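A short write-up of the structure that comes next.
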Amino acid sequence: MGRLDAKVMLVSGGGADGPPQPGEKFAMGNGRAIAIAGARQGAAVMVADRSLAAAAETVEMIRAEGGRAQAFEADVRVEDSCRGAVAAAAAAFGGLHLLVNNVGIAIGHTLQSPSAEFDRAIEVNVRGHLLMMRYAIPEMIKAGGGAIVNVSSVSAVRGGGVSYAASKAAIAGLSRAVALAHAKDGIRVNTVLPGAIDSAMARRLAGDREAQVAPQIPLGRQGTPWEVAKAVLFLLSDDASYITAVELLVDGGVAARLAYA
Ligand SMILES: NC(=O)c1ccc[n+]([C@@H]2O[C@H](COP(=O)([O-])OP(=O)(O)OC[C@H]3O[C@@H](n4cnc5c(N)ncnc54)[C@H](O)[C@@H]3O)[C@@H](O)[C@H]2O)c1
C-alpha cells in the first residue's frame with residue numbers, strides 16, 4: 001500500500017537539467033526525485049517539462065520500476081502549456097489530485113542585472129506556479145479535493161540572488177493566498193523551501209560544491225533531492241491532512257544558524 005495509491009499527480013519541471021553523478025545514467029534533480037518517489041507511493045504521474053526528453057527520462061525511470069507515468073512537453077511561461085499539462089494528466093489518468101510546482105531558475109543575481117532577468121525570474125518561478133494552480137484546482141475540485149506543493153527556496157527567507165530571492169519569497173505569499181481561497185474545496189497548498197541540495201541544478205550552476213558549503217550547514221552536508229521529495233510527499237499525503245498554508249524548510253538547519261555564533 002502506497003501513501004498516494006489511486007492518486008494522479010502532476011509535476012512541473014519533473015525532468016532534470018544537469019550532469020549525472022559519476023556512475024549514474026541520468027541526472028537527479030528535485031523534480032525528478034519527487035516524480036519517482038510519488039510513483040513509488042502509488043501515484044500515476046504526469047511529468048511535465050519544457051524539455052520533453054528530460055520528462056521522458058523520468059518516465060523511463062518510473063516505468064523501469066513498474067510505476068505509471070507519462071511525459072508532457074510544457075513551458076510554464078506559456079499559459080496554454082499549463083492548461084495543456086493539466087488536461088493531459090486528467091485525460092491520461094482519469095482526474096487530478098496532486099500538483100507539485102517544481103520549476104525554478106536562478107537568474108538576475110544583482111540589482112544591476114538586466115531588468116529582463118528579473119521579469120523572467122518572476123515569470124518562470126511565480127507566474128508559472130500560479131498558472132499551473134489556476135488550471136489544476138478546477139480538476140481537483142471535480143475530484144473532490146487535492147493537495148499542492150510549491151517549491152520555493154531557503155533564499156525566500158535568507159537572501160540569495162536578487163531576482164531569485166524575490167521570486168522565491170513571492171511563492172510563499174502566493175501559496176498562502178491560494179491555500180486560504182481553496183481550503184473550503186478540500187485543497188491544501190503548502191510551500192517547501194529547500195536549502196543547499198546536491199541536485200542537477202546545483203551541479204549545473206556551481207559544480208560539486210560539497211566541500212565549500214558543508215561546513216556552513218548545521219547537519220554538515222548538502223541535502224539530496226530524495227530528502228526534498230520525502231518532505232513534498234509528506235505534504236501531499238493524508239499524513240498532512242490538517243496542514244495547509246505552511247512553509248517547510250528542508251535545509252539541514254542552515255536558516256536557523258547565526259553566522260557569528
Ligand atoms: N538545488 C538546490 O540547491 C535548490 C535549493 C533551493 C531550491 N531549489 C529549487 O528546486 C527546484 C528545481 O530543482 P531541480 O533539481 O529539479 O532543478 P532542474 O534545474 O533540474 O529543473 C528541473 C526541470 O525544470 C525544467 N524547466 C526549466 N524551466 C522550465 C520552464 N519554463 N517550464 C517547464 N520546465 C522548465 C528543466 O528542463 C528541468 O528538467 C527549483 O524550484 C529550485 O529553485 C533548488
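One-based numbering, in listed order, for ligands and for the atoms of each. On a predicted model such as this, the values are computed, not experimentally measured, just so you know.
Ion pairing between a basic and an acidic side chain is recognised when a charged N comes within 4.0 Å of a carboxylate O; Glu227 and Lys230 show no such pairing. Salt-bridge annotation for Asp238 and Arg3: absent, with no side-chain N of the basic residue lying under 4.0 Å from a carboxylate O of the acidic one. A salt bridge does not link Lys25 to Glu57: none of the charged side-chain nitrogens sits closer than 4.0 Å to a carboxylate oxygen.
Side-chain atoms of Asp49 come within 3.5 Å of backbone N or O of Gly15 as a donor-acceptor pair. Checked by atom type and distance alone, the side chain of Asp251 never pairs as donor or acceptor with a backbone atom of Pro194 at under 3.5 Å. Of the possible donor and acceptor atoms, none in the side chain of Asn30 sits under 3.5 Å from a partner among the backbone N and O of Ser199. Checking side-chain atoms of Arg63 against main-chain N and O of Ala69 turns up a donor-acceptor pair under 3.5 Å.
Closest to atom 34 (N) of ligand 1, if we only count protein heavy atoms, is Arg50 N, 3.2 Å. Nearest protein heavy-atom neighbour of atom 31 (N) of ligand 1: Asp75 OD1, 2.9 Å. In this structure, atom 5 (C) of ligand 1 lies nearest to the protein heavy atom Gly195 O, 2.9 Å. In this structure, atom 20 (O) of ligand 1 lies nearest to the protein heavy atom Asp17 N, 2.8 Å. For atom 18 (P) of ligand 1, the closest non-hydrogen atom of the protein is Met201 CB, 3.9 Å. Among protein heavy atoms, the minimum distance from atom 43 (O) of ligand 1 is reached at Tyr164 OH, 2.5 Å. Closest to atom 29 (C) of ligand 1 among all protein heavy atoms lies Val103 CG1, 3.5 Å. For atom 13 (O) of ligand 1, the closest non-hydrogen atom of the protein is Asn30 ND2, 3.3 Å.
Side-chain polar atoms of Asn101 and Asn150 form a donor-acceptor pair below 3.5 angstrom. The closest side-chain donor-acceptor pair between Arg203 and Gln21 falls under 3.5 angstrom.
In the vicinity of Gly104, heavy-atom distances shorter than 4.0 Å reach the ligand 1 atoms 40 (C), 41 (O). Counting atoms of ligand 1 from 1 in the listed order, those under 4.0 Å from a heavy atom of Ser199 are 1 (N), 2 (C), 15 (O). For ligand 1, the atoms sitting less than 4.0 Å from at least one non-hydrogen atom of Ile197 are 1 (N), 2 (C), 3 (O), numbered in the order shown with element in parentheses. With ligand atoms numbered from 1 in the order given, ligand 1 contributes 22 (C), 39 (O) to contacts under 4.0 Å with heavy atoms of Gly15. Counting the atoms of ligand 1 from 1 in the order shown, those under 4.0 Å from a heavy atom of Gly29 are 15 (O), 16 (O). Atom numbering of ligand 1 starts at 1 in the shown order; those under 4.0 Å from a heavy atom of Arg204 are 19 (O). The distance from ligand 1 to the heavy atoms of Gly31 drops below 4.0 Å at these ligand atoms: 16 (O).
The only option from Leu99, Ile148, Val100 that meets the side chain to side chain contact (heavy atoms under 4.5 Å, CB included) definition with Leu10 turns out to be Leu99. Evaluated for a side chain to side chain contact (heavy atoms under 4.5 Å, CB included) with Leu248, the options Leu193, Thr191, Leu235 yield exactly one hit, Leu235.
Comparing Val154, Asp49, Thr224 by heavy-atom distance to atom 39 (O) of ligand 1, the nearest is Asp49. Checking His129, Arg203, Arg209, Glu123 against atom 3 (O) of ligand 1, the nearest heavy atom belongs to Arg209. The heavy atom nearest to atom 33 (C) of ligand 1, out of those in Ser152, Ala74, Gly13, Ser12, is found in Ala74.
Looking at Lys168 against ligand 1, only its side chain comes within 4.0 Å, counting heavy atoms. Neither the backbone nor the side chain of Arg120 comes within contact range of ligand 1; no heavy atom lies under 4.0 Å. At a 4.0 Å heavy-atom cut-off, ligand 1 touches Asn102 through backbone and side chain alike.
Arg40 places a side-chain heavy atom less than 4.5 Å from the side chain of Glu65.
For ligand 1, none of its N or O atoms has an N or O atom of Pro194 under 3.5 Å away. At under 3.5 Å, a nitrogen or oxygen of Val76, whether backbone or side chain, sits near a nitrogen or oxygen of ligand 1.
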Determine, step by step, whether Arg50 and Glu73 satisfy the side chain to side chain contact (heavy atoms under 4.5 Å, CB included) criterion, reporting the C-alpha distance in whole Å, the side-chain angles of both residues, the deciding distance to 0.1 Å, and the verdict. CA-CA 5 Å; Arg50 72 172 173 187; Glu73 184 175 347; 5.9 Å; no
